[in-house]
Amino acid sequence: MEIKEILSRIGYVRNKANLSAREVSLRMGMSPQYVAQLESGRIVLTVEKLFQILEICDFPIERFFSTNIADYDVDNQLKNLIESLPTDKKKNIIEFIKK
């Protein structure tokens, strides 16, 4: 994943938490413009700051780095359902999808 995608996802996370960039910045103890500057790429993101933002927004790190951040819950639910099936049912699903 490239840095542009990570910065874009930070905005997604903030919006899902209904928080402004200013609010997240202040909760981090940073200047009011910090997150806006971070999202625009004017400030270098550290892993520590990323984790802090995810914690403030109550956003799971697994979801942040998932292939499809928007469909994470649906994908996870489907994955769990499929994993709970017996092998023959899994094979039936595979054959159905291939058609």
What's the separation between atom [atom1] in [X] and atom [atom2] in [Y], rounded to the nearest 0.5 Å?
| X | Y | atom1 | atom2 | value |
| --- | --- | --- | --- | --- |
| Arg9 | Lys4 | CZ | NZ | 16.0 Å |
| Phe59 | Arg14 | CZ | CZ | 12.5 Å |
| Asn68 | Asp73 | CG | CG | 11.0 Å |
| Leu7 | Glu2 | CG | CD | 11.0 Å |
| Leu85 | Asn80 | CG | CG | 11.0 Å |
| Asn76 | Asp71 | CG | CG | 11.5 Å |

Exercise for review: I would like to know whether Lys79 and Glu83 meet salt bridge (charged side-chain N to carboxylate O under 4.0 Å, His left out); could you show each step before the answer?
Suggested key: CA-CA 6 Å; Lys79 177 183 160 274; Glu83 285 177 347; 3.5 Å; yes

Taking everything shown except [X] itself, do over 12 heavy atoms lie less than 6.0 Å from its [atom1]?
| X | atom1 | answer |
| --- | --- | --- |
| Glu5 | CD | yes |
| Lys89 | NZ | no |
| Asp58 | CG | no |

Shortest non-hydrogen contact between [X] and [Y], atoms and distance:
| X | Y | value |
| --- | --- | --- |
| Ser31 | Ser25 | O-CB, 3.1 Å |
| Arg63 | Ile69 | NE-O, 2.9 Å |
| Gln37 | Ile43 | OE1-CD1, 3.2 Å |

Check your understanding: Does Leu81 belong to the same Ile/Leu/Val/Met/Phe/Trp/Tyr cluster as Ile97, with side-chain heavy atoms less than 4.5 Å apart forming each link?
Key ->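 Per the 4.5 Å side-chain linkage, Leu81 and Ile97 are not co-clustered.
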
Review point. Any chain of hydrophobic side-chain contacts (each under 4.5 Å) joining Ile6 to Tyr12?
Key: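 Yes: a chain of side-chain contacts under 4.5 Å links Ile6 to Tyr12.
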
Check your understanding: Any Lys/Arg nitrogen of Glu95 or Lys99 sitting under 4.0 Å from an Asp/Glu carboxylate oxygen of the other?
Key ->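 Answer for the salt bridge query: no.
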
Point to revise | Side-chain heavy-atom pair Tyr34, Arg22 within 4.5 angstrom cut-off | key: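 No; the side chains remain at least 4.5 Å from each other.
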
Point to revise | Sidechain-backbone polar pair: Asn15 side chain, Gly11 backbone, donor-acceptor under 3.5 Å | key: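 A pair under 3.5 Å: yes.
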
Review point. What residue among Val35, Leu38, Val13, Ile10 forms side chain to side chain contact (heavy atoms under 4.5 Å, CB included) with Val24?
Key: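 Filter result, single survivor: Val35.
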
Per-pair distances, 0.1 Å, donor-acceptor, side chain in residues 47-57, under 3.5 Å, sequence neighbours excluded:
residue, atom, partner, partner atom, Å
Gln52, NE2, Met28, O, 3.4

